[in-house]
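Report on one structure; see the data block that follows.
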Amino acid sequence: MDDRVVKTAVVVGGGPVGCLAAISLARRGWKVDVYEARPDLRDAASIQNTKLRSINLAISHRGLAAIQVIDPLAAQRFLETVIPMKGRMIHDPNCTLSSQLYDKDGQCINSIDRALLNRSLLDQASSSPNIRLFFNHKIQLVDFDKKTMTVLNLDSGTVFSVEFDLCVGADGSYSVIRRQMMKVVRMDFQQEYIRDEYVEFKMPPGRGDRGQPVFLLDPDHLHIWPRHSFMFIALPNQDKSFTCTLFAPASLLDTLGDRATFLSWFRQHFRDAFELIGENSLATAWELNPRSPLICTKSNPYHYLDRAILLGDAAHSMVPFYGQGLNCGLEDVRVLDTLLTESEVQATAPANFDRGSIDTRLAAALAEYSESRHDDLVAICELAMANYLEMRHSVTTPVYLFRKGLDRLLYSLTSQGTKSVSSLVPLLTGTRFSMAVAGWIPLYTMVTFRPDISYGAAKRRGERQSFVLSILGWVGTGVAVAGVVSISRGLRGGISLWK
Ligand SMILES: Cc1cc2nc3c(=O)[nH]c(=O)nc-3n(C[C@H](O)[C@H](O)[C@H](O)COP(=O)(O)OP(=O)(O)OC[C@H]3O[C@@H](n4cnc5c(N)ncnc54)[C@H](O)[C@@H]3O)c2cc1C
Ligand SMILES: NC(=O)C1=CN([C@@H]2O[C@H](COP(=O)(O)OP(=O)(O)OC[C@H]3O[C@@H](n4cnc5c(N)ncnc54)[C@H](OP(=O)(O)O)[C@@H]3O)[C@@H](O)[C@H]2O)C=CC1
Ligand SMILES: Nc1ccccc1C(=O)C[C@H](N)C(=O)O
């Protein structure tokens, strides 16, 4: 080892994906520097003014398994703080509630505080002797041929240059690294703003009989108020409040301008939520909270030679409706980690190595990442888009409920059931996806609870199953119609006899 040097990875972005990528590379022996434009989330004073996108999010088996494979301790740190949600609770316009479970075996998605998740990954990263974290440092430019990047220290205003062997772009939807890579890579890139925007609200805790804080809604569910062209949702928080989000077409939100108009519209469509959140809190949030756009971005490829890779939202931003954006980003890290092992990529190089030369093993691993991951990333972006229609509209329709029932029946009849995260982790250690899939598995189960099935495979299988469900639906309808016709004929025959 004496005549070898440790290579340096610079991770741009200290969000959840950047942190997990740093932990993964550090565990493989790399020296890792993380540059984050924002202040340290763990520092209460400096974070006051930092607005994070969505207060909480849903993390499912895919994200949990990815963290567990890379760093079991990091997974343990925040697992105690999640609130499991076993299904959707549908609130109809008359305030009647109905529960739709996510999984026949009781598997749940988990509501987690975004800042807390990020903080625990930062803690985990900073405990590694191989990782250095730099906050308030913004990357401005990258020279991929010289393997240097320009950093702005936002505290001092100074600009300096750092060297890297590998640059990991985990800098979110509006990635600077992606834009810099486009100058040297023939990268296809697509960005689409959807019609809808979102606004966040907070439902406070209620008071129990001893004055203690209590949830105002059932915390075991993700609550949805589907209203066909728009919807309201609520996810529980540890302090017994709910973070609620209104998703609606921008053109509709434009018409709700002032406080009075908004409140009257909100009361008309979400009466129970109106009462639970309260008029003042609703109006204040409407007036002060941002109306944020939603985008879907797709890129290809995700790497440049042996020296750059895009992960997480920097590579693929999806609309949030499947609750998979972060899960997918964390899975990116797991997949890359497996490929680095498979390709036997070294974290060290001979002391006299030429920085201009190409590490062919690393280049091959990154190329394989781009090649094999693209199909899955496009699949989940499309599934996320389709889940919006399901959440805001389809969940209320008899056809959807009939198909869901049939889907679940076929699942019960043909499959062994859904496994817990801990029993899936051994299946994923050292492999990208296990794919040993038998029987019928609902699409939602595959996407959310089966990280051993890739998104692409889940989507293709889901399409085939959907076709079968349609056929069964038509056959069922045909049989029912034939039955009704023959009964009514029989009745008519009977009536004529009585005459
Ligand atoms: C409303 C909403 C709800 C969502 N709900 C869910 C959900 O329930 N489940 C789920 O799985 N996903 C959800 N998502 C998606 C999820 O938020 C993202 O997929 C996730 O945050 C991506 O993580 P990341 O680390 O890739 O990027 P980010 O979290 O954006 O982190 C990127 C980091 O890079 C930093 N950065 C940016 N530019 C630079 C620069 N030039 N130099 C240095 N640092 C820089 C940023 O400050 C940021 O900290 C939701 C998204 C939205 C908008
Ligand atoms: N899929 C989706 O619909 C969306 C997903 N997200 C994701 O949510 C998470 C958190 O987002 P959050 O950190 O609040 O994002 P921000 O909106 O705060 O943006 C983060 C960085 O991106 C730059 N940026 C913001 N808007 C634009 C724009 N329109 N064009 C170019 N650059 C822009 C900003 O740079 P500067 O400081 O120079 O202004 C900022 O530093 C991230 O994962 C993000 O990727 C965010 C929005 C929508
Ligand atoms: N986290 C979210 C944020 C916004 C919109 C939806 C979600 C979901 O998680 C939806 C869930 N997967 C569902 O299908 O019911």
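No experiment lies behind these values; they were computed from the predicted model shown. For ligands, and for the atoms within them, numbers begin at 1 and follow the listed sequence.
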Please verify whether a non-hydrogen atom of Leu57 lies at under 4.0 Å from ligand 3.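 Checking ligand 3 against Leu57, which is what was asked, there is no heavy-atom contact under 4.0 Å.
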Any non-hydrogen atom of Tyr388 lying under 4.0 Å from ligand 3?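 Tyr388: no contact with ligand 3 (<4.0 Å).
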Shortest protein contact, [atom] (heavy atom only):
atom: atom 11 (C) of ligand 3; value: Tyr444 OH, 3.4 Å
atom: atom 14 (O) of ligand 3; value: Arg88 NH2, 2.8 Å
atom: atom 10 (C) of ligand 3; value: Phe321 O, 3.5 Å

[X] neighbourhood, listing ligand 1 atoms whose heavy-atom distance to it stays under 4.0 Å:
X: Val12; answer: 42 (N), 43 (C)
X: Ala170; answer: 32 (C), 33 (C), 34 (O)
X: Tyr198; answer: 1 (C), 53 (C)
X: Tyr35; answer: 43 (C), 44 (N)
X: Arg38; answer: 47 (O), 49 (O)

What part of Leu222 sits under 4.0 Å from ligand 3 if we count only heavy atoms: the side chain, the backbone, both or neither?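 Near ligand 3, Leu222 shows its side chain, while the N, CA, C and O stay back.
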Near [X], which atoms of ligand 3 are under 4.0 Å from a heavy atom of that residue?
X: Tyr322; answer: 12 (N)
X: Met391; answer: 6 (C), 10 (C)
X: Ile233; answer: 3 (C), 4 (C), 5 (C)
X: Asn387; answer: 14 (O)

Does any N or O of ligand 1 fall below 3.5 Å from an N or O anywhere on [X], backbone included?
X: Ala58; answer: yes
X: Ser173; answer: no
X: Gly323; answer: yes
X: Ile139; answer: yes
X: Lys138; answer: no
X: Val17; answer: yes
X: Leu57; answer: no

Verify whether the ring centers belonging to [X] and [Y] lie closer than 6.0 Å.
X: His223; Y: Phe232; answer: no
X: Tyr322; Y: Tyr444; answer: yes
X: Phe270; Y: Phe266; answer: yes

Please verify whether a non-hydrogen atom of [X] lies at under 4.0 Å from ligand 1.
X: Gln140; value: no
X: Met318; value: no
X: Gly329; value: no

Measuring from [atom], which candidate in [options] has the nearest non-hydrogen atom?
atom: atom 33 (C) of ligand 1; options: Glu36, Arg62, Glu200; answer: Glu36
atom: atom 7 (C) of ligand 3; options: Ala58, Gly325, Pro320; answer: Pro320
atom: atom 30 (O) of ligand 1; options: Gly172, Cys19, Ser317; answer: Gly172

What distance separates Leu116 CG from Arg42 CZ, expressed to the nearest 0.5 Å?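 Here the interatomic distance stands at 12.5 Å.
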Are Arg119 and Asp113 ion-paired here, with the side-chain N under 4.0 Å from a carboxylate O?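 Judged by the 4.0 Å cut-off on N to carboxylate O distance, Arg119 and Asp113 do not form a salt bridge.
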